[in-house]
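Working notes, beginning with the structure itself.
All residue numbers in this chain count up from 1 along the given sequence.
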Amino acid sequence: QVQVVESGGGLAQAGGSLSVSCETRGRTLSPSIWGWFRQAPGKEREFVAAISRSGETAYAADSVKGRFTISRDNAKNTVYLQMNSLKPEDTAVYFCAARLSYYSGSRDPQNQSEYEYWGQGTQVTVSS
């Protein structure tokens, strides 16, 4: 049984920083790809960022480029999302997602169906 467990998040002021992290538990296999998604109240869940197994390839939504950084530590089966220059519109529940099976670089990391395991979500609130 694989569990995906998030931690971090919380409350920050606009312009501030927060970080969230996520790890897989129950297996030692490092995810082939990690992704972060978010869902604001009344909105669809949307892609935020993703990172390949090697960490050499990272993807980010236009709305967070230059402000959010995704990274991973394969020895710890953990992925991190560092969020800087936060804006009120970044307020959402943040979900991490993992795929353990083979992942081809030609696939779309923004597609939620590419991920096999999901965390429960962690709240990030940015006040103006």
Side-chain angles (χ1 to χ4, degrees):
Q1 182 75 17
V2 176
Q3 286 184 301
V4 177
V5 182
E6 295 137 346
S7 59
L11 177 65
Q13 291 188 329
S17 300
L18 283 173
S19 63
V20 289
S21 62
C22 181
E23 64 174 322
T24 55
R25 296 178 182 176
R27 292 184 62 176
T28 58
L29 184 64
S30 181
S32 58
I33 187 165
W34 278 108
W36 283 101
F37 293 79
R38 67 186 182 186
Q39 187 169 20
K43 295 188 176 181
E44 303 258 330
R45 188 161 59 184
E46 64 177 6
F47 171 77
V48 176
I51 189 167
S52 65
R53 184 194 296 276
S54 68
E56 292 181 355
T57 304
Y59 312 83
D62 289 343
S63 59
V64 306
K65 279 181 181 175
R67 300 189 298 121
F68 291 11
T69 302
I70 188 170
S71 61
R72 62 187 292 168
D73 183 338
N74 288 342
K76 297 180 179 179
N77 284 342
T78 299
V79 65
Y80 307 93
L81 186 68
Q82 177 64 41
M83 301 177 286
N84 299 328
S85 302
L86 283 163
K87 303 176 181 180
E89 51 263 44
D90 294 320
T91 295
V93 177
Y94 283 70
F95 298 89
C96 72
R99 179 185 179 103
L100 300 184
S101 61
Y102 174 73
Y103 179 82
S104 165
S106 62
R107 306 177 80 93
D108 182 6
Q110 301 187 43
N111 187 342
Q112 298 181 40
S113 65
E114 293 291 344
Y115 299 88
E116 298 162 332
Y117 301 95
W118 289 81
Q120 77 285 356
T122 187
Q123 179 70 44
V124 170
T125 303
V126 184
S127 62
S128 57

Q. Are W36 and I51 connected in the hydrophobic side-chain network, where two residues link if heavy atoms are under 4.5 Å apart?
A. yes

Q. Are V93 and F47 connected in the hydrophobic side-chain network, where two residues link if heavy atoms are under 4.5 Å apart?
A. yes

Rounded to the nearest 0.5 Å, what separation is found between the [atom1] atom of [X] and the [atom2] atom of [Y]?
X: S101; Y: I33; atom1: OG; atom2: CD1; value: 11.0 Å
X: R53; Y: Y102; atom1: CZ; atom2: OH; value: 10.0 Å
X: D90; Y: L18; atom1: CG; atom2: CG; value: 9.5 Å
X: T91; Y: R38; atom1: OG1; atom2: CZ; value: 9.0 Å
X: T24; Y: Y117; atom1: OG1; atom2: OH; value: 10.0 Å
X: I70; Y: Y59; atom1: CD1; atom2: OH; value: 10.5 Å

Q | Close aromatic pair by centroid cut-off 6.0 Å: Y115 and F37 | A | yes

Looking only at atom types and distance, does a side-chain atom of [X] sit under 3.5 Å from a main-chain N or O of [Y], one as donor and one as acceptor?
X: Q13; Y: S127; result: no
X: R45; Y: Q112; result: no
X: E6; Y: C96; result: yes
X: E114; Y: R99; result: no

Does a side-chain heavy-atom distance below 4.5 Å link [X] with [Y]?
X: P31; Y: Y103; answer: no
X: E116; Y: L100; answer: yes
X: V4; Y: F95; answer: no
X: M83; Y: V126; answer: no
X: S7; Y: T122; answer: no
X: F68; Y: L86; answer: yes
X: L81; Y: W34; answer: no

**Q.** All side chain to side chain contact (heavy atoms under 4.5 Å, CB included) counterparts of S19, not counting sequence neighbours
**A.** Q82

**Q.** Residue that, paired with R72, satisfies side-chain hydrogen bond (donor to acceptor under 3.5 Å, both in side chains) out of S52, S21, S54, S30
**A.** S30

Q | N-O pairing of E23 and K76 below 4.0 Å | A | no

**Q.** Residues D62 and K65 bridged, charged N to O under 4.0 Å
**A.** yes

**Q.** For Q123, all residues meeting side-chain hydrogen bond (donor to acceptor under 3.5 Å, both in side chains), sequence neighbours excluded
**A.** T125

Q | Shortest non-hydrogen contact between N84 and S17, atoms and distance | A | OD1-OG, 2.8 Å

